[in-house]
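All values derive from a computational prediction rather than experimental measurement.
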Amino acid sequence: MFSKLALAVLLMPLVAFAAGCAVSPVPLDDAHLLKLTTSNLERVTAGQEEIRGSLSLYEAVGRALKYNLDDQVELMKVALAHDEVGLATAQLLPTLAASAGYSSRNNDLLTSALDTPTGVAIPPRTLQQERTFNSGDVGTTWHILDFALSYVRAQQAADRQLIAVEARRKVAQRIIEDTRAAYWRAVSCDRMTDKLAHLEKRVKKAIAGTRTAAAAGAESPITGLTYERELVQIHQLAERLQHELTLAKSQLASLMNVPPGTPLSFIGVIDRPDPPIWNLSAGEMVAEAIFNRPEIRDVAYQQRITEREATAALLDALPGIKLTGTASFSDDRFLLNNNWLDWGAAAAGSLVKIAQLPARRAAIENQVKVLDQKALAITMLVMTQVYVSRIRYQHLGDLQATAKEYLDVQKKLVDQLRAEKAADLVGEQTLIREEMNLLVAEVQYDIATGNLDTASSNMMTTLGFDLQGPALDTSLDVKSLTAHLRKTWGSRTAVSDRGRYLLELETARQEALRKQAEEEQRRKQEAQRIADEAARIRAEEVRVAREQARIAEDEARKARDASARQAQSEARQAKAEARAAALEAATVKAEHLRVIKEKARIAEEEDRKIRDASARQAKADKQRLQQEAAAARETARQLRRGIKVKANSEPEPAPPAGGWKWVWPFEGAQPKQEGGLKDEVPRKKRASGSWAPQKQETIYSGTK
């Protein structure tokens with residue numbers, strides 16, 4: 001029994017592993033793909049309100065905000081981020097767990113005692129647990145450090161939810177901008193298609209009539225061909241413009257999540273005044289854009305998440321304290337207490353995480369620096385976009401004004417031609433040509449108006465304004481959304497609170513400048529009056545000053561004459577004193593030069609005496625050295641003479657058993673060859689550079 005049960009327990013993991021290894025990829029079959037396709041097609045536009053009647057701009061934007069799938073994805077992301085915040089908040093709570101169990105065994109759990117000195121089991125054996133019993137417990141665990149870490153994670157999750165909200169704002173702004181651009185292009189295409197279809201019949205009829213007249217000779221072929229060429233050129237331009245606008249309806253349908261090919265009709269162009277935000281200066285627009293843009297806020301939230309990550313890293317590295325409490329029960333009859341409570345506390349920490357803390361903090365600091373540089377880069381990008389959008393809006397405004405002026409002139413021309421045609425003053429061909437030009441002018445004006453509206457929308461998006469308003473609820477029906485957008489745009493509430501505040505500041509600044517200019521003008525007038533009075537007083541003062549100057553000049557002339565005589569006398573006296581001082585100075589200088597020359601002569605005499613004494617000493621040393629050298633040479637000659645005489649008078653002794661050994665007595669000298677002597681007596685070099693012979697009495701060494 002035991003072996004079978006153990007074998008079954010061991011085989012269960014192997015069977016599970018084998019089943020896992022047997023899994024292989026299973027592609028979707030055609031039936032499932034067909035079902036999926038049918039489901040997607042049914043659900044892509046399910047629950048949407050049908051379009052009834054002509055479509056206005058507000059309704060188109062409302063449908064895009066309500067049904068656009070990209071916007072729905074961003075809404076789902078915001079909802080998901082909100083749920084993640086709730087999940088992160090739930091992590092702050094302690095862990096509460098309950099368990100129940102059943103235990104059984106095939107034999108009794110017996111225990112015995114052992115005698116330590118003898119090592120013999122001591123009976124009786126004790127039964128401590130039933131073979132089968134039930135147990136259960138309910139316990140709670142709370143990590144104090146995990147609570148703080150979970151609080152930081154919840155704050156980060158809240159920031160991520162805000163990032164998702166900003167991403168949704170950005171998508172909504174883009175959808176509104178694209179919808180407005182596609183709407184106006186679709187309106188232009190719709191108008192042009194109807195008018196072009198009506199005119200094409202007349203154009204074909206006029207061309208056929210021209211060709212018939214040319215063939216019959218009623219008019220010149222060149223005139224007919226020229227007229228036909230002009231009509232074809234105008235028709236080519238109209239078709240080119242129509243081709244540019246052809247895809248507008250499909251784009252608009254895609255933005256509103258309407259199936260392609262759905263027939264759409266539109267309400268005409270609505271002239272609206274410029275938003276009040278355009279009254280702001282470029283610098284104020286830049287400040288407003290940086291304050292409102294989702295990209296700037298996105299980076300700011302990321303920076304806050306990264307800064308909190310540093311706190312999370314520190315908390316993760318610190319030792320944690322865990323508090324536990326459990327209520328347990330068991331129906332084992334051998335237990336004296338079948339219900340009990342236990343609690344405890346434990347502290348634990350990871351030394352590895354503490355060692356990794358400096359590296360994690362350094363990485364977080366670098367990430368903060370990266371985000372800071374990213375914020376600066378986005379700020380520069382936003383500034384550039386504001387200036388580009390501002391210039392583009394002004395340029396398209398000029399183009400729209402020019403197109404409007406051209407359209408007005410063309411309308412007046414067509415009205416005049418129609419009046420003349422009614423009076424049979426012009427032909428049908430001329431009227432048709434100008435009506436074609438009028439159609440092109442209308443289309444160009446519609447395109448210019450749509451481009452200007454798109455530029456206005458782009459400017460609002462660049463400044464970060466929410467054209468849908470701050471309190472838009474996409475769960476409302478299309479009619480309510482349309483009314484909300486109409487009210488929002490009609491009352492000019494598209495400008496944010498900060499924009500209105502900046503506008504009020506700009507108005508107050510302009511009023512202050514006006515008052516300052518008026519005050520400055522008043523001060524200038526008062527200053528001019530004071531200046532005229534001062535000029536009159538100055539003129540009187542100048543006259544008095546000139547009279548006083550004349551009197552002073554007479555007195556000065558008299559004083560100058562007296563001073564000149566006094567100055568001449570003082571000059572003569574000063575010259576005499578100067579000559580005396582110069583003479584005395586020359587005398588002192590001459591005496592000083594004489595003393596210097598005398599000192600130089602004495603020094604030169606002493607140098608000469610020293611040189612003479614040195615020369616005499618050197619001469620005496622030279623003579624002494626020469627004498628010593630002569631004596632040394634004489635001694636050497638005598639020595640060589642004695643050696644030769646001894647060599648001739650005595651027979652050469654027989655060499656000893658080990659051979660003769662020459663001992664050379666002079667330092668630094670060696671014989672020329674073995675067994676011989678040098679011709680010259682070596683001399684030991686003195687310290688002064690001369691050589692002196694060395695006396696050596698013993699010439700040979702060894703025993704004969």
Side-chain angles (χ1 to χ4, degrees), residues 28 32-33 35-51 55 57-88 156-183 186 247-262 264 292-302 305 374 378 454 457-458 460-462 464-478 480-482 484-485 488:
L28 297 175
H32 184 80
L33 290 175
K35 181 180 179 181
L36 181 63
T37 303
T38 305
S39 175
N40 290 339
L41 290 175
E42 290 177 353
R43 293 186 300 117
V44 69
T45 58
Q48 295 185 184
E49 299 181 30
E50 295 182 0
I51 300 176
L55 191 67
L57 174 63
Y58 305 110
E59 183 179 353
V61 174
R63 286 182 173 275
L65 292 175
K66 183 175 179 63
Y67 299 125
N68 186 269
L69 296 181
D70 292 337
D71 190 51
Q72 295 298 320
V73 171
E74 296 301 327
L75 282 176
M76 292 298 104
K77 289 182 179 179
V78 173
L80 176 61
H82 182 269
D83 295 339
E84 290 177 350
V85 173
L87 180 61
Q156 291 178 327
D159 288 336
R160 292 189 181 94
Q161 180 187 358
L162 296 175
I163 291 176
V165 171
E166 295 302 325
R168 197 262 168 172
R169 281 186 58 222
K170 184 176 180 181
V171 171
Q173 291 172 358
R174 178 182 59 81
I175 289 174
I176 293 175
E177 181 180 354
D178 294 344
T179 303
R180 292 178 66 171
Y183 180 84
L247 301 178
K249 286 188 177 182
S250 299
Q251 295 173 354
L252 181 61
S254 175
L255 290 169
M256 295 189 300
N257 200 36
V258 175
T262 302
L264 300 174
N292 292 321
R293 286 291 289 270
E295 297 89 341
I296 300 293
R297 298 183 182 183
D298 186 298
V299 176
Y301 289 136
Q302 291 182 11
I305 291 173
K374 184 179 179 180
I378 293 177
T454 303
S457 177
N458 177 259
M460 301 294 276
T461 303
T462 302
F465 293 153
D466 298 327
L467 295 180
Q468 70 274 18
L472 179 64
D473 185 7
T474 55
S475 62
L476 299 175
D477 56 1
V478 175
S480 300
L481 287 176
T482 303
H484 174 79
L485 292 174
T488 301

Checklist entry - Any donor-acceptor pair under 3.5 Å linking the side chain of Y183 with the backbone of L55? => result yes
Next on the checklist: I'd like to know if E166 and R169 make a salt bridge, using a cut-off of under 4.0 Å between side-chain N and carboxylate O.
Outcome noted: yes
Checklist entry - Would I51 and R63 satisfy side-chain contact (heavy atoms from CB on, under 4.5 Å), going step by step from the backbone distance to the final call? => result CA-CA 10 Å; I51 300 176; R63 286 182 173 275; 3.5 Å; yes
Checklist entry - What pairs meet the side-chain hydrogen bond (donor to acceptor under 3.5 Å, both in side chains) rule with one or both residues in residues 251-261, with sequence neighbours excluded? => result Q48-N257
Checklist entry - Does the pair V171 and V73 meet the rule for a side-chain contact (heavy atoms from CB on, under 4.5 Å), with working shown? => result CA-CA 10 Å; V171 171; V73 171; over 6 Å; no
Item to check | Spatial distance of atom CD (E59) from atom OG1 (T179) [nearest 0.5 Å] | outcome: 12.5 Å
Item to check | Heavy-atom pair of closest approach, residues A253 and P259 | outcome: CB-O, 4.4 Å
Checklist entry - Do you know the tightest heavy-atom contact between A186 and L252? => result CB-CD2, 4.4 Å
Checklist entry - About how many Å separate CD1 of I175 and CZ of R180, when rounded to the nearest 0.5 Å? => result 14.5 Å
Item to check | Shortest non-hydrogen contact from I378 toward V299 | outcome: CD1-CG2, 3.4 Å
Next on the checklist: For a quick test of reading the model, state the closest non-hydrogen atom pair linking L65 to R168 and the distance between them.
Outcome noted: O-NH2, 4.3 Å
Next on the checklist: Among T462, T454, N458, which residue satisfies the side-chain hydrogen bond (donor to acceptor under 3.5 Å, both in side chains) criterion with E177?
Outcome noted: N458
Checklist entry - Taking all atoms of both residues into account, what is the closest heavy-atom pair of A157 and V85, and its distance? => result O-CG2, 3.2 Å
Next on the checklist: Using 0.5 Å steps for rounding, measure from the CG atom of L255 to the CD1 atom of I176.
Outcome noted: 11.5 Å
Item to check | Which atom of T461 lies closest to which atom of R293, heavy atoms considered | outcome: O-CD, 3.8 Å
Item to check | side-chain contact (heavy atoms from CB on, under 4.5 Å) between R297 and N292, intermediate numbers included | outcome: CA-CA 8 Å; R297 298 183 182 183; N292 292 321; 3.7 Å; yes
Checklist outcome for this item: The reported gap from CG in D159 to CD1 in I305 (rounded to nearest 0.5 angstrom) is 5.0 Å
